[in-house]
Amino acid sequence: MLSRITSRSASVITRLPTHRIVAKQQLLNSQHQKSFAKSFVRFQHTTKPALAKLAPLDTFPRRHVGSEGKEVQDMLKQLGMKNVDELLGKTIPSAIRSPKALAIGEGVPERQLLARLKEIASKNKLNRSYIGQGYTDTVVPNVILRNILENPAWYTQYTPYQPEIAQGRLESLLNYQTMVSDLTGLPIANASLLDEGTAAAEAMLMCWQAARQKKNLFVVDENCHPQTIACLKARAESFNIEIIVADTLNYHFEEHKKELCGVLLQYPNTRGSVKDYEALAANIHAVGGQVAVATDLMALTLLKSPGELGADIAFGNSQRFGVPLGFGGPHAAFFACKDDHKRRIPGRLIGVSKDADGNHAYRLALQTREQHIRREKATSNICTAQALLANMAAMYAVYHGPEGIKSIAQRINDMTTVLAEGIRQSGYVIENEDNFFDTLSVTVGNSSSILQRASAAGINLRAIDNHTVGVTLDEAVTKEDLSKLISVFQKEGAPAISVDELANVLDNKASTFPHQLKRTSPYLQHPVFNSYHSETEMLRYIHHLESKDLSLVHSMIALGSCTMKLNATTEMIPVTWPEFSNVHPFAPVEQTQGYLTMLDELADDLKEITGFEGVSLQPNSGAQGEYAGLRVIRAYHHARGDDRRNVCLIPISAHGTNPASAAMCGMDIVIVQCDNEGNLDMEDLKAKAKKYKDRLGAIMITYPSTFGMFEPGVSEACKVVHENGGLVYLDGANLNAQIGLTKPAEIGADVCHMNLHKTFCIPHGGGGPGMGPIACTKELEPYLPGHPVVPCGGQNAIGPVSAAPYGSASILPISWAYIKMMGGEGLTKATKLAILNANYMASRLANHYEILYTNENGMCGHEFIVDIRPFVDHGIEAIDVAKRLQDYGFHSPTMSWPVTNTLMIEPTESESKAELDRFCDAMISIRKEIQQVIDGKLPKKDNMLNKAPHSLQTLMSDKWDRPYSREVAAFPMSYLREKKFWPSVSRVDDAYGDRNLMCTCPSPEEYA
């Protein structure tokens, strides 16, 4: 049955012009939405008073939005307006307002929503998958499942850019880096990437960059995972890197000395073989190439590390360290390298520094490497990591420890040894005889017959080719599972083979891989991996770290452009249902109908919200969405024979990922200026569009603008670009201000991405996961991303932008549920309230701070910018206000972006007026503190702002020689005496951390 996935026969597979391909007879029809709405008609509100009394009470919009009734009226009164419609009339240009309401139907009550989703999920058939290919079943320790994955104190944290209130997850991510560094044998590891396929692409670009971009040949071993090879080829196109897929052990590298930048090997490889690459690595280095190795952390507990083999880079997927399959994600990719590459390593890097009191403190290190700073000079485009899943993997290593993980790996290998013996006794040949860790490639003559027998037994095997099947075992395998597997391979009528008898082979077991590859070097020796092996100790460690981190369980996180809104419990519950979490991404299509139903309905809703005809759910971060959207535009131009259209216009105010994404697509970036009001400079745009009209490929526009403005000239800008042959990419980071009021397609865009981890309620997870699907016009639909294993995308699909066909599929039920529970009216109401909240806060703060960039009516969009620059001459900068807010129990808004020394504030619709007022009161109180400095009552460099935040240790020190009291430091407002979040360290020294880079757990001696 598995062969039905990989077949491209028109008789079996029908290409859909949207986000997926399924068997013809299983295509979902247009009745889904109608039946969905009809099944809830009895719960809809009615105008009849008697029936209204029977309406359900668990309606969702009133739970999601923070203010209603009197609170809304009070905010309107502050603005001097009669109603919300008057506010919108003064905020959003009438020319772009949608003429119709969203056609999404009424919101569904919470309990009934879960019942409906359970019904959909039941369509997924939970066969036992041994497909492998980078994804295996795992045993998620329940103490980690409940207390991290299902815990809002972990999954609602923001990226740890404010380290003083993020020491818990920073420590956990440092544990992750240490784990990866130890197991790979390489000194520098980052805090996770998106997935194995895109991590491979990052490794390739590092090799290319190390060769100073002068060598353009990258050789890939033919036995790497197919999805990895496809991701590499897709990324290489834009950089003119030549990919050769070859048998690397027999490749003549010396003949390509002048062109070779690097080589990718898989260890163990996709067919299960464990090869000794030490001599090969030395040969590659001798001709000037870099060696990248895709590997498996579990296998590395038994195998010699890639670093010991001579690898420069090692990467892979940490999913099997206690993270569910989830139909492909989210999973944390790991990435490690030699010290030479530390300033090239992509993604986030956790480092050890010290705070103002000289104590150890963790922080994000070497941030100037990141794409939001390097912009078009970036060779990476990582805006979202997989922090939540990296934390799970790290805790898995902490919980089991080195001996525990080694025992798990040894058991997997022993089980595979027993299976191999059973298959041999059944009369089949194992391709990688005596050369495996957990995967066997079995020559069976006719794959389809074995696959059918397996399917009938509730088992999924991998179809390697017409004559070979693959079997990958995992830690969840039982003796009963092994018996069923062996029976699949037994000839009809043959006597049953006893697993107990087969186990005798282990008594005199020889090594299942070359003896010189047996691991002898230690790993996970740090005390953190050897201290918390009982559930009691593990539980306390998890909660100890949690207590150091501010998240949405404590207070609003008013980050401009990051939209930290409610991640409702009902939305989160289905993520860990077995029907969603235990599905392999390459399972046969007939087993994944529940997922496909849910994905289809989500895609339909996103089409309605954006106004577009096509949707791809594959991109698994906002940056991946940007990259995918631009790749689709480039493919469109290429299909029209217009390859010269490679210029991308980008406003100077754009997100840092915009120019990085354009560079990753091989485009030439031309900056468009903004006027003094923060609007796109239309004259500059027209001049540059005309200048580059023969080469103009696209413009990237954020709407509302990065300055929080509904620019009136946006449709004209789209028209100018279209008239000069380009297409319009709309950055959907601020889609939260559009839903139900306007649509990217109606504005004039051709493609947009949507940050589901922002607008559509997927949590930020302390720095990931995220999802960045794209929507596009009918003309661009044929080019939506494809996949080599599970065919999807358009008829002329670009290569994959993620390793799994639907990206991080297991978190998509969150956005599906949010849209269904809110309904069209609820979504529109949320947008209106987000705009009202922002303007209310801006109005309250305008008497105390200068508010940058409002329209001619004095209105902002869903976010606004507070200017701190007037105070710089008095020694107060944005960072001082940001750190002082921690003393008030708040996370800082977006700091010094898009304008240096400013704070960009976005309240979202899910915060109550009371919380908005609490934040405003804190900002007003801080303004009074600034005034004390301006008036000379406090010294410029010795005040409560530039000494903030104040940790308990600082406040309890014997010595206190500051010109303000401890009470003012700790309790500047009365509510803090009852509700206080304590920063666990004082201000972290960033410069010290970069000068003294340490990216693994310090030893006890170093702490001392």
Side-chain angles (χ1 to χ4, degrees), residues 64 148-163 165-166 168-170 172-173 176 191-194 329-332 347-348 350 364 370 372 382-392 545-546 548-569 571-572 575 619-625 655-657 732-736 753-773 807-808 810-815 818 834 862-863 890-895 897 904-911:
H64 177 81
I148 292 185
L149 182 58
E150 297 178 342
N151 183 353
W154 280 90
Y155 66 66
T156 68
Q157 302 161 347
Y158 183 58
T159 304
Y161 288 124
Q162 297 293 331
I165 51 175
R169 88 201 78 142
L170 285 167
S172 181
L173 291 172
Y176 177 83
S192 80
L193 296 181
L194 296 173
H331 305 141
R348 295 178 184 132
I350 311 303
L364 292 174
E370 296 188 47
H372 63 277
I382 308 299
C383 73
T384 304
Q386 300 284 21
L388 182 67
L389 299 315
N391 284 327
M392 289 182 68
L545 297 189
E546 172 192 318
K548 297 182 177 185
D549 286 19
L550 187 142
S551 67
L552 284 176
V553 307
H554 298 101
S555 58
M556 71 182 291
I557 301 179
L559 283 151
S561 210
C562 285
T563 317
M564 297 288 291
K565 62 168 73 177
L566 171 70
N567 313 125
T569 306
E571 296 158 8
M572 299 300 298
V575 171
N620 53 1
S621 81
Q624 291 289 77
H655 289 108
T657 50
N734 293 341
L735 195 66
N736 201 48
H753 88 267
M754 295 155 278
N755 293 94
L756 299 191
H757 51 293
K758 296 180 181 180
T759 301
F760 296 96
C761 293
I762 292 175
H764 282 62
M771 278 292 280
S808 296
S810 69
I811 55 175
L812 292 178
I814 300 168
S815 299
Y818 170 65
H862 66 310
E863 60 190 7
F890 287 106
H891 194 291
S892 167
T894 303
M895 188 178 69
W897 185 86
M904 184 160 65
I905 298 171
E906 180 183 353
T908 83
E909 71 276 3
S910 57
E911 296 297 343

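We use all heavy atoms of the structure for the numbers below, so side chains are in, but hydrogens, waters and symmetry mates are not.
Here the side chains of Q386 and S808 are in contact, with some heavy-atom distance below 4.5 Å. When side chains are defined from C-beta on, P330 counts as touching I811, because their heavy atoms get closer than 4.5 Å. Residues M895 and Q162 are in side-chain contact: their nearest non-hydrogen atoms beyond the backbone lie under 4.5 Å apart.
Of the possible donor and acceptor atoms, one in the side chain of T759 sits under 3.5 Å from a partner among the backbone N and O of N736. Of the possible polar contacts, one joining the N567 side chain to the C761 backbone as a donor-acceptor pair under 3.5 Å is found. Formation of a donor-acceptor pair under 3.5 Å by the E863 side chain with backbone atoms of S561 is found in this model. Looking at H764, its side chain does come within 3.5 Å of a backbone N or O of C562 through a donor-acceptor pair. Although no hydrogens or angles enter the test, the distance criterion places a donor-acceptor pair under 3.5 Å between the side chain of R348 and the main chain of G767.
Scanning for side chain to side chain donor-acceptor pair (under 3.5 Å) contacts around N151 gives E546, with sequence neighbours left out.
Nearest approach of Q157 to L550, heavy atoms of both residues: CG-O, 4.3 Å. When all heavy atoms of G329 and H331 are compared, the pair lying nearest together is N-CE1, 3.5 Å. Between A390 and A191, the shortest heavy-atom contact is CB-O, 4.2 Å. Contact detail for E906 and T563: the closest heavy-atom pair is OE2-OG1, 3.0 Å. Here the shortest heavy-atom pairing between N620 and M771 reads CA-SD, 3.6 Å. The minimum heavy-atom distance between D549 and G168, with the atom names listed, is OD1-N, 2.6 Å.
In summary, of the residues considered (E571, M572, H757), a side chain to side chain contact (heavy atoms under 4.5 Å, CB included) with P763 occurs for M572 alone. Applying side chain to side chain contact (heavy atoms under 4.5 Å, CB included) to P163 and the options L170, L364, I350 leaves one that passes, L170.
Here the CD1-NE2 distance, from I165 to H891, works out to 4.5 Å after rounding to the nearest 0.5 Å. Here CG of L756 is found 11.0 Å from OG of S621. Values are rounded to the nearest 0.5 Å. A distance of 12.0 Å separates CZ of F760 from CG of L812, quoted to the nearest 0.5 Å. With rounding to the nearest 0.5 Å, the separation of NE2 in H554 from CZ in F890 is 12.5 Å. Expressed to the nearest 0.5 Å, how far OG1 of T657 lies from CD of Q624 amounts to 11.0 Å. For the atom pair NZ of K565 and CD of E911, the computed distance is 11.5 Å after rounding to the nearest 0.5 Å.
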Stepwise side chain to side chain contact (heavy atoms under 4.5 Å, CB included) check, I557 with L552: CA-CA 7 Å; I557 301 179; L552 284 176; 3.9 Å; yes
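For the residue pair N391 / S172, a side-chain donor-acceptor distance below 3.5 Å is found, with atom types taken as modelled. Between the side chains of E909 and H64, at least one donor N or O sits under 3.5 Å from an acceptor N or O.
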